[in-house]
Number of protein chains: 2
Amino acid sequence: MSSDTEPAATEARRRSSTRSVTLRDVAQRAGVSSQTVSRVLRIPDEVAPHTRARVEAAVRECGYVPNLAARNLASNRSRIVATVIPSLSASVFSETLTGLSAVLASEGYQVLLGYTDYDDEREEQLIRSLLGRRPDGFFMTGVIHREAVVTMLRASDVPVVETWDWTDTPIDALVGFSNEDAMYEMVSFLHGAGYRAPCFVGSLVHGDHRSRRRLDGYLRAAETYWPGTEPRVIDASEHPLSLESGGPLLELAGRLHPEADVLVFATDIYANGALLAAQSRGIRVPEDIAVTGFGDFELSRLLGPGLTTVALPNQSIGREAAALLLDRMRGTEPPSRDVDLGFEIRRRGSA
Amino acid sequence: MSSDTEPAATEARRRSSTRSVTLRDVAQRAGVSSQTVSRVLRIPDEVAPHTRARVEAAVRECGYVPNLAARNLASNRSRIVATVIPSLSASVFSETLTGLSAVLASEGYQVLLGYTDYDDEREEQLIRSLLGRRPDGFFMTGVIHREAVVTMLRASDVPVVETWDWTDTPIDALVGFSNEDAMYEMVSFLHGAGYRAPCFVGSLVHGDHRSRRRLDGYLRAAETYWPGTEPRVIDASEHPLSLESGGPLLELAGRLHPEADVLVFATDIYANGALLAAQSRGIRVPEDIAVTGFGDFELSRLLGPGLTTVALPNQSIGREAAALLLDRMRGTEPPSRDVDLGFEIRRRGSA
DNA sequence: CCCAGGAATGTTAGCGCTATCGGCAGCGCT
DNA sequence: AGCGCTGCCGATAGCGCTAACATTCCTGGG
């Protein structure tokens, strides 16, 4: 059955003794050249049916698993999409990720994940190391990056999608919405609803650039609706991004700006935390103080009065970005390189 | 400066025109052999200081990023740890993942993530595809897998750590706790606290084997404390794993087992959802019905009366598993291949 | 003053795969 | 009969890197 088609197949296998089954092993077993086995795996239509059947049997018998590192090297394509997100625990991104990988997986791409913990230094290191795998595409969270990051990505000539924000100068492609406009509209809504003393609460330093954008929107709105007055702002960057921080922040706001009638949080996490804290301390929302969030988490519509917040296209960011990347990776030009998915003010009981 | 040390460096670069900077490009620039550049990158101590400095400068000037696929192929090591988790949205695993990748990253390993959505078929496909990257280690969630999965992993000769459960026959190594014992103890606690009509609520079919183990523990406890009586069990597998399912499940339990005095949920997600639903419907917990969970999420200690639940070693599972894998990957034998991290009944207001 | 022995660097031969081209049947057409 | 053409398969030459060995140069002890 196994003729000696392949030469040099004598007693090779030097370096490591425990290397796994290779194309050649399968080829020998099937009595064909390794090239044919490779074809069966990648373009089966170009192989005669009975040869194909024999090869497929051999593959199964050997338990052959193609070595993708070798495949990458030879083909100059990795079928990897490098994905940079700030954090895993913020469950927002997990939805985006789910959308992304669902679409990509259907086309045979794998997601290689890295997180930055909202730290620009780590982002740079991360991207350097991800670049080493020669990904076919890059999914980035945010549009604000170090100069070195932009340079590296540009130089690598890899399709890049930035997401979760908006800019006029994307590295390559863009799928998101304007954090600034969203916050502006939230304040507009509050103004329309009769609130007169809003107080922004969000992380300002750190590497959380999206929170910063929301502040910008808040400040612009404050200038529009209450010109000349000092806008109320509380920096939450000392508090970890968790529900638990809601209590301390609620208290802090009460101390620094007791006159505020609505707390405008930069994220649902803090806002929901504040709702929970208010509940356990007997503070009534929205009677004593109103609260708004940003993100529309699941918890936000189930908690107490329901959180008034901004709903974001979590899932669709992932799906749209994947579609866009697929186009770019195939070399076809997508309908548009900038996709604005918008947002929606979700009005509930808390404000 | 750049002598013609390397031969065959004429006008190579055939196949693809856009290939990136290689070792050889750097070597030419620095006037050394590519081997020396490789050494500077991996074992700088073996290179003379002034050569090293020159090479490092060249690396920077070229913006060189090593091709890890090529490195893998040549060295037979990928510095990748393949990681299989059921889902991203269940935030429990994100803590484990954080612990895992923190420890691994410090040793230069990257995490390649895949999720199964609690589906055995997808787990098998996933592992096949992950195996293609020739990971140096495998992190698995759960201890129950298809025969094919066990065979593949055993054959691949890669260190494997199974987690989040317990078994006497691990594939290789094990870091976890007994879901069964944990649920048994929870019921013991409830029995001791005077409850007499518990009702288990959890997903039974699907591929969620850990939920199944918890049921086993429940049944064993029921047999111990209320022998001869039919244990109350509700299958939640029709309901998505989200807070929102808490309401419907609460209602279902009330209809099927109105006599139950405590609902024993297999996960905090359902339990917290039920707490939220009870709150909005005016059902008092624990007076009208008591509730327990499993997992001790952040929300669980902030919500209403506080959820009585089982605290699990989320983070340490990741850290311990990483440490164990590192040992195995280095070829050193870890202190023990089976690590039981235990659990803890967290008593709060809900039961 | 010579040579053993180590430090520093270079040379060679792959790792497992794919791109590319070349060869050889078998077909229909003039 | 001869021509090209298509379908199928094999041989060859790398992809960018590292392991293993070879070579060169320098040091110091006899």
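Proteins come first, then strands; the chains are lettered A, B, ... in the order of their sequence lines, and each starts at number 1. Worth saying up front: this structure is predicted, and the values here are computed from it rather than measured.
Residue A:Q35 contributes atom CD, which lies 12 Å from atom P of C:dC17 at whole-angstrom precision. Taking atom CZ of A:R79 as the reference point, atom P of C:dT18 lies 12 Å away to the nearest angstrom. Put simply, CZ on A:R71 is 22 Å from P on D:dG14, counting in whole angstrom units.
Counting all heavy atoms, side chain and backbone alike, B:T163 lies closest to B:A321 at CG2-CB, 4.2 Å.
Between B:S75 and D:dT18, a side-chain N or O to OP1/OP2 separation shorter than 4.0 Å is absent. Regarding contacts with the backbone of C:dT18, a side-chain N or O of A:S38 is found under 4.0 angstrom from either OP1 or OP2. Of the side-chain N and O atoms in A:R42, one or more sit less than 4.0 angstrom from OP1 or OP2 of C:dA19. The phosphate of D:dC9 has OP1 or OP2 within less than 4.0 Å of a side-chain N or O from A:T51. Put simply, A:T36 has a side-chain N or O that comes within less than 4.0 Å of OP1 or OP2 on D:dG10. One finds no side-chain N or O of B:T22 lying less than 4.0 angstrom from the OP1 or OP2 phosphate oxygen of D:dC15.
In this structure, A:R39 and A:A69 both approach DNA chain C, and ranking their closest nucleotides by distance from the 5' end singles out A:A69.
Judged purely by distance below 3.5 Å, without hydrogens or angles, the side chains of A:E162 and A:T167 never pair a donor atom with an acceptor atom.
Remark: side-chain polar atoms of A:T83 are not paired, donor with acceptor, to backbone N or O of A:L113 under 3.5 angstrom.
Put simply, the side chain of B:R134 and the base of C:dG16 share no donor and acceptor less than 3.5 Å apart.
For the helix from C:dC1-D:dG30 to C:dT30-D:dA1, the rotation axes defined at the first and last 5 base pairs enclose an angle of 50°, given to the nearest 10°.
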